[in-house]
Amino acid sequence: MFDFSEALWLKGGMKKIPVLYSDDFLTDYRTVDCENPERAWIIQSAIREIADFREPDLCSRTDLLLCHTESLIKVVENDEEVFSVARRAAGGAIMAAEIALTQPSFALIRPPGHHAGRNFNGGFCFFNNMAIALYALLSRGSICNALIIDIDLHYGNGTEDIVKEDPRISFKNIHAFHREEFLANVELALRDAPSYDIVGCSAGFDTYVHDWGGILLTDDYQEIARMITSSNPHTFTILEGGYYISDLGKNAASYLKGVQEACL
């Protein structure tokens with residue numbers, strides 16, 4: 001389906017997925033207990049065989065200002081440790097979006113971002129990684145429009161706040177009470193995906209059957225990733241929520257296998 005000249009091959013003909021990751025994401029910065037360094041570590045450990053890890057750069061202040069007010073940035077900046085890790089996360093999101101112009105990618109980053117709006121944050125989020133990534137590409141002329149699919153359990157209110165009045169970006173938040181409904185809603189949201197220059201997925205694994213959402217099975221993440229990646233050759237995924245540590249790694253690995261499946 002795709003011609004990914006930069007991808008690394010695995011045995012059996014499958015390709016490693018570019019994954020933006022840094023040990024900085026293991027920093028035990030100020031946040032709530034459930035959004036802890038173990039989340040990043042457990043996923044990183046589970047996907048080693050299928051990931052091509054790449055160190056992300058720090059996001060510049062110029063790129064932060066594409067989505068956030070100076071006053072919000074200064075509030076985050078008051079905590080030097082949080083500010084540094086949050087900039088690394090946003091930088092990883094930008095790099096994942098840039099890579100997606102050539103091949104699908106995954107940003108294994110924390111803190112998450114979809115609850116951070118233009119002049120507010122919350123929900124364990126400080127800067128909106130997805131919005132920053134897309135506006136960085138828009139500002140550089142790399143893309144003209146974008147589609148965001150948010151599969152996290154919680155509504156991406158921060159993302160909506162930033163992009164809601166921009167006709168270049170379509171934001172589709174997936175919400176359902178049952179597994180079959182959730183998968184059907186993903187399929188519906190992707191119906192016009194080919195008309196966009198890039199598709200970004202805010203992937204929260206808290207929709208898992210043993211997590212807060214109690215909806216999806218591990219195999220469902222593979223199917224969702226396959227649908228998203230098959231819908232458009234230029235796709236990238238950013239980690240948002242997911243707090244059931246015991247199965248978080250295998251759920252993320254299932255998702256990446258779905259990306260690989262779509263690339264065959």
Side-chain angles (χ1 to χ4, degrees), residues 20 22 24-25 29-31 35 56-101 105-152 154-174 196-204 234-241:
L20 282 303
S22 171
D24 284 359
F25 302 140
Y29 55 79
R30 174 183 56 82
T31 186
E35 203 293 281
D57 298 327
L58 290 171
C59 178
S60 69
R61 198 177 198 89
T62 298
D63 284 335
L64 291 177
L65 286 167
L66 293 173
C67 295
H68 298 293
T69 62
E70 181 68 36
S71 60
L72 176 67
I73 295 170
K74 286 181 177 179
V75 168
V76 180
E77 197 172 17
N78 286 333
D79 188 320
E80 184 177 342
E81 189 173 56
V82 169
F83 186 59
S84 177
V85 179
R87 285 180 63 206
R88 184 80 65 188
I94 292 172
M95 291 178 67
E98 290 173 338
I99 291 170
L101 299 178
S105 62
F106 178 62
L108 172 49
I109 56 178
R110 61 179 291 269
H114 73 154
H115 294 308
R118 188 165 298 279
N119 197 35
F120 66 85
N121 54 31
F124 328 147
C125 305
F126 299 96
F127 297 132
N128 195 299
N129 303 314
M130 176 61 74
I132 291 168
L134 293 178
Y135 276 102
L137 265 60
L138 285 165
S139 69
R140 296 164 193 170
S142 299
I143 59 172
C144 294
N145 58 18
L147 170 65
I148 302 171
I149 303 292
D150 192 322
I151 64 169
D152 191 274
H154 305 99
Y155 195 84
N157 62 309
T159 306
E160 182 187 48
D161 177 70
I162 294 169
V163 310
K164 62 185 177 183
E165 296 181 2
D166 192 334
R168 299 172 299 176
I169 300 180
S170 177
F171 173 64
K172 298 184 179 181
N173 194 95
I174 308 302
Y196 293 91
D197 292 336
I198 197 168
V199 175
C201 176
S202 286
H234 308 299
T235 63
F236 70 105
T237 300
I238 291 176
L239 178 65
E240 298 287 358

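Here Arg87 does not pair with Glu77 in a salt bridge; the nearest charged N to carboxylate O distance is not below 4.0 Å.
Side chain of Ser105 to backbone of Ala96: a donor-acceptor contact under 3.5 angstrom is found. Put simply, the side chain of Asn173 never gets that close to the backbone of Tyr155: no donor and acceptor are under 3.5 Å apart. The backbone N or O of Ala100 lies less than 3.5 Å from a partner atom in the side chain of His234, making a donor-acceptor pair. Of the possible donor and acceptor atoms, none in the side chain of Asn145 sits under 3.5 Å from a partner among the backbone N and O of Tyr196. Under the 3.5 Å distance criterion, the side-chain polar atoms of Asn128 are left unmatched by any main-chain donor or acceptor of Gly117. Side chain of Ser84 to main chain of Glu80: no donor-acceptor pair is present (N/O by atom type, distance under 3.5 Å, no hydrogens or angles). Side-chain atoms of Arg88 do not come within 3.5 Å of backbone N or O of Phe25 as any donor-acceptor pair. Looking at Asp152, its side chain does come within 3.5 Å of a backbone N or O of Gly241 through a donor-acceptor pair.
Nearest heavy-atom pair, Gly156 versus Asp150, reported as atom, atom and distance to 0.1 Å: CA-OD2, 3.6 Å. Heavy-atom minimum distance, His114 versus Cys125: N-SG, 3.6 Å. Considering every non-hydrogen atom in both Pro111 and Ala89, the closest pair reads O-CB, 3.9 Å. Looking at every heavy atom in both residues, Ala133 comes nearest to Ala93 through CB-O, 3.4 Å. Closest heavy-atom contact between Ile162 and His68: CD1-CE1, 4.0 Å. Phe124 and Pro112 make their closest contact through O-CD, 3.6 Å (heavy atoms, listed as atom of the first residue, atom of the second, distance).
With a 4.5 Å cut-off on side-chain heavy atoms, Leu101 and Ser142 count as touching.
With sequence neighbours excluded, no residue forms a side-chain hydrogen bond (donor to acceptor under 3.5 Å, both in side chains) with Asp161. Partners of Glu81 under the side-chain hydrogen bond (donor to acceptor under 3.5 Å, both in side chains) rule, at least two apart in sequence or in another chain, do not exist in this structure. Applying the side-chain contact (heavy atoms from CB on, under 4.5 Å) rule to Asp63 yields the partners Cys59, Ser60, Leu66, Ile94, Ile132, Ala136, Arg140; only residues at least two apart in sequence or on another chain are considered.
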Open item on the list: Checking Ile198 against Phe236 for the side-chain contact (heavy atoms from CB on, under 4.5 Å) test, could you report, in this order, the C-alpha distance in whole Å, the side-chain angles of both residues, the deciding distance, and whether it holds?
Closed with: CA-CA 8 Å; Ile198 197 168; Phe236 70 105; 3.7 Å; yes
(request) Begin from the C-alpha positions of Leu137 and Asp197 and carry the test side-chain contact (heavy atoms from CB on, under 4.5 Å) through to its verdict. (result) CA-CA 10 Å; Leu137 265 60; Asp197 292 336; over 6 Å; no
Exercise. Hey, mind stepping through Arg168 and Tyr135 against side-chain contact (heavy atoms from CB on, under 4.5 Å) and telling me if it holds?
Worked result: CA-CA 10 Å; Arg168 299 172 299 176; Tyr135 276 102; 3.6 Å; yes
Exercise for the section: Please step through side-chain contact (heavy atoms from CB on, under 4.5 Å) for the pair Val76 and Phe127, ending with a clear verdict. Expected result: CA-CA 9 Å; Val76 180; Phe127 297 132; 3.7 Å; yes
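Note: Lys164 NZ to Phe171 CZ = 12.0 Å, rounded to the nearest 0.5 Å. Atom CD of residue Glu98 and atom CD1 of residue Ile143 lie 10.5 Å apart, to the nearest 0.5 angstrom. Atoms CZ and OG1, on Arg110 and Thr31 in that order, are 7.0 Å from each other to the nearest 0.5 Å. Atom CD1 of residue Ile151 and atom CD1 of residue Ile149 lie 9.5 Å apart, to the nearest 0.5 angstrom. In this structure, the separation between CG on Leu239 and CG on Leu20 is 12.0 Å, given to the nearest 0.5 Å. Distance check: Thr159 OG1 to Met130 CE gives 7.5 Å after rounding to the nearest 0.5 Å.
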